[in-house]
Amino acid sequence: MLVLVVDVGGQHVKVLASGQAEPRRMDSSRTLTAAQMVDGVKAMAGDWTYEAVSLGYPGQVVHGMPAHEPVNLGPGWVGFDYAAAFERPTRVINDAAMQALGSYEGGRMLFLGLGTGLGSAMIIDGNLEPMELGHLPYKKKLTYEDFVGQQGLKRLGRKKWRNEVAAVIEAFRMALQPEYIVLGGGNARFIKELPPDVRVGDNANAFTGGFRLWEGEQTPSTQARKPSSPARKRT
């Protein structure tokens with residue numbers, strides 16, 4: 001199946017389709033609506049062929065749909081019919097979970113996305129669980145995201161921010177017991193010294209995760225032609 005992966009962030013919307021070598025991107029903003037995003041993506045991918053869409057959404061996703069409006073984008077994302085707008089089957093997943101899926105190499109992995117906020121997901125023996133650890137209370141009546149997200153980086157400066165990131169990594173390691181931790185997001189590049197069993201993942205892994213969402217699926221035309229198999233009898 002030819003898949004178009006859409007990675008929606010607070011600063012950019014990036015797209016890549018199966019068989020294409022280079023992603024394309026457009027700016028996002030606090031006024032960007034879901035409809036505007038779809039129009040922009042269609043314009044960027046107008047000369048690409050794709051049969052399905054994977055959408056990485058910067059917020060909580062429940063039952064394949066955004067559960068609340070994004071903090072750093074415009075309105076209109078909850079209840080929006082993405083499949084109808086793209087005119088393709090569409091799967092919506094939390095953006096950190098999509099990058100986690102593309103970063104996974106087996107076992108127990110914790111993914112932390114250091115970007116506009118703090119994305120998080122864990123995969124245990126192939127089972128993906130998106131999380132919202134960044135919104136949990138941390139200290140001084142602020143959340144983890146307030147300290148290690150973009151606003152925390154600006155407020156603290158890089159040196160103090162790195163110390164906070166190291167403390168957060170250790171806290172989550174003790175609580176969740178991952179075998180390894182992958183850091184993603186645009187600000188992961190500012191980490192100079194990595195703790196044991198921690199590595200910086202490639203942000204392109206978000207596209208890998210989007211492609212993996214459809215692995216093993218057949219094209220819609222093939223599915224339509226394939227006859228149904230008779231049910232097996234229990235012995």
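- Taking Ser29 as the reference, Thr31 meet the side chain to side chain donor-acceptor pair (under 3.5 Å) condition, with sequence neighbours excluded.
- A distance of 11.5 Å separates CZ in Arg108 from CD1 in Ile181, rounded to the nearest 0.5 Å.
- Under the rule for a ring-ring contact (aromatic ring centres under 6.0 Å, His included), the partners of Tyr82 that lie at least two apart in sequence or sit in another chain are Phe80.
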For residues 8-23, tabulate all N or O donor-acceptor pairs below 3.5 Å that involve a side-chain atom, not counting sequence neighbours.
| residue | atom | partner | partner atom | Å |
| --- | --- | --- | --- | --- |
| Ser18 | OG | Val3 | N | 2.8 |
| Ser18 | OG | Val3 | O | 3.3 |
| Gln20 | OE1 | Trp48 | NE1 | 3.1 |

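- Applying the side chain to side chain donor-acceptor pair (under 3.5 Å) criterion to Thr208, with sequence neighbours excluded, gives no partner residue.
- With hydrogens and angles ignored, the 3.5 Å screen pairs no side-chain donor or acceptor of Arg173 with any backbone N or O of Leu110.
- Among residues at least two apart or in separate chains, there is no ring pair (Phe, Tyr, Trp, His ring centres under 6.0 Å) pair with a member in residues 193-212.
- Side-chain atoms of Arg30 come within 3.5 Å of backbone atoms of Val71 as a donor-acceptor pair (strictly under, hydrogens ignored).
- One finds the CG atom of Asn72 at 12.5 Å from the CD atom of Glu69 (value rounded to the nearest 0.5 Å).
- Here CG of Asp39 is found 11.0 Å from CE of Met44. Values are rounded to the nearest 0.5 Å.
- With sequence neighbours left out, the side-chain contact (heavy atoms from CB on, under 4.5 Å) criterion links His68 to Gln60.
- Side-chain atoms of Asp81 come within 3.5 Å of backbone atoms of Ala84 as a donor-acceptor pair (strictly under, hydrogens ignored).
- Side chain to side chain, Asn203 and Gln99 meet the donor-acceptor criterion of an N or O pair below 3.5 Å.
- Between Lys139 and Glu164, at least one side-chain N (NZ, or NE/NH1/NH2) sits under 4.0 Å from a carboxylate O, which counts as a salt bridge.
- The side-chain tip of Arg162 does not point at the ring of Phe190 from less than 6.0 angstrom away and within 45° of straight on.
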Throw together a table of side-chain donor-acceptor distances under 3.5 angstrom for residues 111-128, partners on residues two or more places apart or in other chains.
| residue | atom | partner | partner atom | Å |
| --- | --- | --- | --- | --- |
| Ser120 | OG | Met131 | O | 3.1 |
| Ser120 | OG | Leu133 | N | 3.1 |
| Asn127 | ND2 | Ile124 | O | 3.4 |

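- Connection of Trp214 to Tyr104 is established within a shared hydrophobic cluster, with ILVMFWY side chains joined at heavy-atom distances below 4.5 Å, either directly or through further cluster members.
- When each of Val5, Leu213, Val6 is checked for a side chain to side chain contact (heavy atoms under 4.5 Å, CB included) with Val53, only Val6 meets the rule.
- Residues satisfying the salt bridge (Lys or Arg N to Asp or Glu O under 4.0 Å) criterion with Arg189, sequence neighbours excluded, are absent altogether.
- Sorted pairs that involve residues 151-171 and meet ring pair (Phe, Tyr, Trp, His ring centres under 6.0 Å), not counting sequence neighbours, are lacking altogether.
- Listed by chain and number, the residues in a side-chain contact (heavy atoms from CB on, under 4.5 Å) with Asn163 amount to none (sequence neighbours excluded).
- The CG atom of Asp47 lies 4.5 Å from the CZ atom of Arg24; values are rounded to the nearest 0.5 Å.
- Residues Met37 and Leu32 come closest through the heavy atom pair N-CD1, 4.0 Å.
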Exercise answer: donor-acceptor pairs, residues 194-201 side-chain atoms, under 3.5 Å, sequence neighbours excluded:
| residue | atom | partner | partner atom | Å |
| --- | --- | --- | --- | --- |
| Arg199 | NH2 | Ser103 | O | 3.0 |

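- Residues satisfying the ring-ring contact (aromatic ring centres under 6.0 Å, His included) test with Tyr138, not counting sequence neighbours, are Tyr144, Phe147.
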